Amino acid sequence: MLQPASQSVRDTASKIEVYTSKLSAELNDMREAVYPPSAQKTFGRTFSTLDLVRLLKVPESTLRQLTLEGKGPLPERAENNRRTYTIEQVKELRRFLAELRPDEAGELLPHRRKGEKLQVIATANFKGGSSKTTTSIHLAHFLGLQGYRVLCLDLDPQASMTALFGIQPEFDLGENQTAYAAIRYDNERRPLAEVIRPTYFPGVDLVPGNLELMDFEFDTPSYLTSKTRDDLGLFFERLSSALARVDDRYDIVIIDTPPSLGYSTLAALYAATSLVITVHPAMLDVASCNQFLIMISDLSEVLGQFGAKFEHDFFRFLLTRVNPNDGPQKYMSGVMRRLFGDDVLVAEALESTAIAGAAVAKKTLYELESGEVGREALKRAIESADRVNSEILDLVHQVWGRST
């Protein structure tokens, strides 16, 4: 006998409620098993002297001499007697060497200088699986290792970026603790500075996300029809206005946008000084990206009536999950490069088992230690990520007027 439609809906809703409760509990148990006893993620990887030679661009002999003289952070000795440094010591060593070598301080501590504006980089595409979050967090970790002050802003209600930072959205975040808190329209709004959290990665802070971000999509239509206005302005101005109040704390902000073109995504595109559109070079993905671009173009004309201008220091497509041996992918990559020329990054984010392995461990490539995944796979994946991130950083330096 068929059940009434309303009964069917109630049964499905009940099942979903039970399932999400079970899955949330399981995910929390898995998180506690990985990060006991406090269930907080830490940065476990250590750095060798050769790593520091590449990162800090100082001779190995200098590091050896500092250790012999007992100056700066003192490394541990691994089982093979090699010196190893924690990520906190890498940051400390940057400061120490900057004081020791004032002429090189600008390279060791490459913070924004007078006249260099805050760079806000948004990764965008409304096609799921385009590697927006992977691109965002790898860029953040790369920049943090280079000595920049980075703020990650998770605008995606699915909160994958937040989870990768070791925060489980449904357990670790209370009410009004996401980016929504800083851009909402009522008297519960909080300064963005109060929502920012330090992370386990020195130099990288986070504004976390969760399902609460959906409230911005529901609240905005009512606000637009009302006559009340506050100091943050219209919906597309609010994120930019909130970020302006922490401008002096960071060099680069990275926004992970939702896989949709809602009010929060439009606010991110308006706040961004630069855009990176992630595209997997497959026919359906490229076609979806085209629809995304059409929608942005149409909406920008409408928002132009309110004074919104989508002007960016640079706009680039990044080809992601690229398999160099895949014929159809090669063809679509060629199409993108033929049509968009220099607006496609030269570097490509290669598909890799190392990235998949890192995702299982809720890590980036820059956190993996030797042995967690295959050595050669990790080497190739990091080289690919470094090329992508270095090219983006070069674009930032061009905006700032720095030589690369």
Side-chain angles (χ1 to χ4, degrees), residues 41-45 47 55 87-88 90-91 94 109-112 118-125 130-156 158-167 169 178-179 192 195-209 239 243 246-247 249-258 268 271-278 314 316 318 320 345 347 349 354-355 358-359 361-368 381-382 384-397 399-400:
K41 187 175 181 182
T42 59
F43 191 98
R45 177 192 164 192
F47 297 82
L55 276 175
I87 191 169
E88 290 82 6
V90 175
K91 185 177 181 180
R94 279 189 182 277
L109 298 174
H111 300 165
R112 277 195 297 149
L118 177 70
Q119 282 296 292
V120 182
I121 302 174
T123 58
N125 198 331
S130 68
S131 299
K132 284 190 300 80
T133 301
T134 300
T135 298
S136 298
I137 198 165
H138 277 88
L139 177 60
H141 282 188
F142 172 85
L143 293 171
L145 287 172
Q146 302 301 316
Y148 293 91
R149 301 168 300 168
V150 182
L151 175 64
C152 287
L153 204 157
D154 192 351
L155 277 188
D156 188 348
Q158 297 176 80
S160 297
M161 172 183 272
T162 299
L164 281 169
F165 274 108
I167 299 171
T178 69
L192 184 63
V195 188
I196 294 172
R197 296 180 173 217
T199 72
Y200 63 90
F201 200 112
V204 180
D205 289 346
L206 173 70
V207 176
L239 186 59
L243 284 171
V246 295
D247 178 284
R249 292 173 53 174
Y250 301 99
D251 306 307
I252 299 170
V253 177
I254 299 170
I255 305 177
D256 188 25
T257 63
T273 61
S274 306
L275 292 182
V276 175
I277 309 294
T278 54
F314 62 84
R316 293 292 188 275
L318 168 62
T320 61
L345 291 175
I355 294 177
K362 286 191 175 181
K363 294 181 178 182
T364 68
L365 295 169
Y366 297 112
E367 298 177 81
L368 289 179
I382 288 180
S384 169
D386 281 350
R387 285 193 295 270
V388 169
N389 295 325
S390 295
E391 191 172 349
I392 294 173
L393 180 56
D394 285 346
L395 291 168
V396 171
H397 283 175
V399 173
W400 285 341

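All values derive from a computational prediction rather than experimental measurement.
Looking at every heavy atom in both residues, Leu153 comes nearest to Ala179 through CD2-CB, 3.9 Å. A pairwise comparison of heavy atoms in Ser136 and Asp256 identifies OG-OD1, 3.8 Å as the closest pair. Here the shortest heavy-atom pairing between Ala122 and Ala268 reads CB-O, 4.3 Å. Closest heavy-atom contact between Leu368 and Ala358: CD1-CB, 3.7 Å. Nearest heavy atoms, Pro110 versus Gly147: CD-O, 3.7 Å. What you find for Gly144 and Val150 is that their closest heavy atoms are N-CG2, 4.1 Å.
A 4.5 Å side-chain heavy-atom check between Leu139 and Ile121 finds at least one atom pair inside the cut-off. Side-chain contact between Asp205 and Tyr250 is present, with at least one heavy-atom pair separated by less than 4.5 Å. Between Pro258 and Leu155 there is a side-chain heavy-atom pair separated by less than 4.5 Å. Residues Thr257 and Lys132 meet the side-chain proximity criterion, which asks for heavy atoms closer than 4.5 Å. The shortest distance between side-chain heavy atoms of Val253 and Val246 does not fall below 4.5 Å. Here the side chains of Val207 and Leu192 are in contact, with some heavy-atom distance below 4.5 Å. Residues Asp386 and Tyr366 are in side-chain contact: their nearest non-hydrogen atoms beyond the backbone lie under 4.5 Å apart.
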For Leu143 and Asn389, run side-chain contact (heavy atoms from CB on, under 4.5 Å): C-alpha distance rounded to whole Å, both residues' side-chain angles, the deciding distance at 0.1 Å, then the answer. CA-CA 8 Å; Leu143 293 171; Asn389 295 325; over 6 Å; no
Could you give me the CA-CA distance, side-chain angles and deciding distance for Thr123 and Thr135, then say whether side-chain hydrogen bond (donor to acceptor under 3.5 Å, both in side chains) is met? CA-CA 8 Å; Thr123 58; Thr135 298; over 6 Å; no
What verdict does the side-chain contact (heavy atoms from CB on, under 4.5 Å) test give for Leu365 and His138, after you've listed the backbone C-alpha separation in whole Å, the side-chain angles of each residue and the deciding distance to 0.1 Å? CA-CA 7 Å; Leu365 295 169; His138 277 88; 3.4 Å; yes
Could you check Phe165 against Val204 for side-chain contact (heavy atoms from CB on, under 4.5 Å), going step by step and ending with a plain yes or no? CA-CA 10 Å; Phe165 274 108; Val204 180; 3.8 Å; yes
Run the side-chain contact (heavy atoms from CB on, under 4.5 Å) test on Ile87 and Leu145 for me, step by step, so that the C-alpha distance in whole Å, both residues' side-chain angles and the decisive distance to 0.1 Å come before the verdict. CA-CA 8 Å; Ile87 191 169; Leu145 287 172; 4.1 Å; yes
For Tyr148 and Gln119: C-alpha separation, side-chain torsions, deciding distance, then whether side-chain hydrogen bond (donor to acceptor under 3.5 Å, both in side chains) applies. CA-CA 11 Å; Tyr148 293 91; Gln119 282 296 292; over 6 Å; no
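The aromatic rings of Phe43 and Phe201 sit perpendicular to each other, their planes meeting at more than 60°, with 30° as the lower class boundary.
Going from atom CG of Leu118 over to atom CZ of Arg149 covers 9.0 Å, rounded to the nearest 0.5 Å. One distance of note links CD of Glu391 with CZ of Arg316; it measures 7.5 Å at 0.5 Å rounding. Within the model, atoms CG of Leu345 and CD1 of Ile277 stand 11.0 Å from one another, a figure rounded to the nearest 0.5 Å. In this structure, CG on Asn125 lies 11.5 Å from CG on Leu275, to the nearest 0.5 angstrom. For the atom pair CD1 (Ile392) and CD1 (Ile252), the distance works out to 10.0 Å, reported to the nearest 0.5 Å. In this structure, Leu243 CG and Ile255 CD1 are separated by 6.0 Å, a value rounded to the nearest 0.5 Å.
Asp251 places no side-chain N or O within 3.5 Å of a backbone atom of His111 that could act as its donor or acceptor partner. Of the possible polar contacts, one joining the Thr278 side chain to the Ser130 backbone as a donor-acceptor pair under 3.5 Å is found. Under the 3.5 Å distance criterion, the side-chain polar atoms of Thr162 are left unmatched by any main-chain donor or acceptor of Ile167. Between the side chain of His141 and the main chain of Glu367, no donor-acceptor pair closer than 3.5 Å is present. No donor-acceptor pair closer than 3.5 Å links the side chain of Thr133 to the backbone N or O of Met161.
The neighbour count for Gln146 CD, taken as heavy atoms of other residues, nucleotides or ligands under 6.0 Å away, is above 12.
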